[in-house]
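All remarks here apply to the structure that follows.
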Amino acid sequence: MRTEKLSLDTRVANALVSRITEEQWPVRVQLGIPFRTENDNHMVDITVEYDDSYPFGEKLSETINRLFNLIPQEP
C-alpha cells in the first residue's frame, strides 16, 4: 500500500474524487479543509492510499489533462 499527501487545486481535487467514485478506482481518498494561497489560488490537501501496482500518477495526470483540456477528448 502506498500513501501520498498532495496539495491540489480544488477543481482538480473535486474532479479526482468524482472519477474515483464514478469509475470505482481502488483508491482511498481523504480531503482536508480548502484554503487560499498567497496567490489567491483555492487549494486543498488530500491524502490518497492505493496499491503499489495501481497507476495513480497516470490517472491523476489524465484527470488534470481532461479538466484543463490539455489533450483532445475522444469522440
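Everything numeric here is computed off the predicted structure, so don't read it as measured data.
Cluster annotation: Leu6 and Met1 are assigned to distinct hydrophobic clusters (Ile/Leu/Val/Met/Phe/Trp/Tyr, side-chain heavy-atom contacts under 4.5 Å, transitive).
Here the closest non-hydrogen pair linking Leu31 and Ala13 is CD2-CB, 4.2 Å. Here the shortest heavy-atom pairing between Val48 and Ile46 reads CG1-CD1, 3.9 Å.
Here Asp45 pairs with nothing under the salt bridge (Lys or Arg N to Asp or Glu O under 4.0 Å) rule; sequence neighbours left out. With sequence neighbours left out, the salt bridge (Lys or Arg N to Asp or Glu O under 4.0 Å) criterion links Arg28 to Glu49. When the side chain to side chain donor-acceptor pair (under 3.5 Å) test is applied to Asn39, no partner is found at least two apart in sequence or on another chain. Residues satisfying the side chain to side chain donor-acceptor pair (under 3.5 Å) test with Thr3, not counting sequence neighbours, are none. Applying the side chain to side chain donor-acceptor pair (under 3.5 Å) test to Asn41 and every residue at least two apart in sequence or in another chain returns nothing. Listed by chain and number, the residues in a side chain to side chain donor-acceptor pair (under 3.5 Å) with Asp9 are Arg11 (sequence neighbours excluded). In this structure, the side-chain contact (heavy atoms from CB on, under 4.5 Å) partners of Ala15, at least two apart in sequence or on a different chain, are Thr63, Leu67.
Between Glu4 and Arg2, the closest side-chain pair of non-hydrogen atoms falls below 4.5 Å. With a 4.5 Å cut-off on side-chain heavy atoms, Trp25 and Tyr54 count as touching. Using a 4.5 Å cut-off on side-chain heavy atoms (C-beta onward), Val12 and Val44 make no contact. Put simply, the side chain of Thr47 does not reach to within 4.5 Å of the side chain of Val29, judged on heavy atoms.
In this structure, OG1 in Thr10 is found 10.0 Å from CZ in Arg36, a value given to the nearest 0.5 Å. Note that CD1 of Ile64 is 9.0 Å distant from CG of Leu70, once rounded to the nearest 0.5 Å.
By the 6.0 Å contact criterion, CD on Glu23 is enclosed, its count of non-hydrogen atoms from other residues, nucleotides or ligands being greater than 12.
Chaining together hydrophobic side chains whose heavy atoms lie under 4.5 Å apart places Met43 alongside Phe35.
The salt bridge (charged side-chain N to carboxylate O under 4.0 Å, His left out) analysis of residues 52-62, with sequence neighbours excluded, yields the pairs Arg19-Glu62, Glu62-Arg66.
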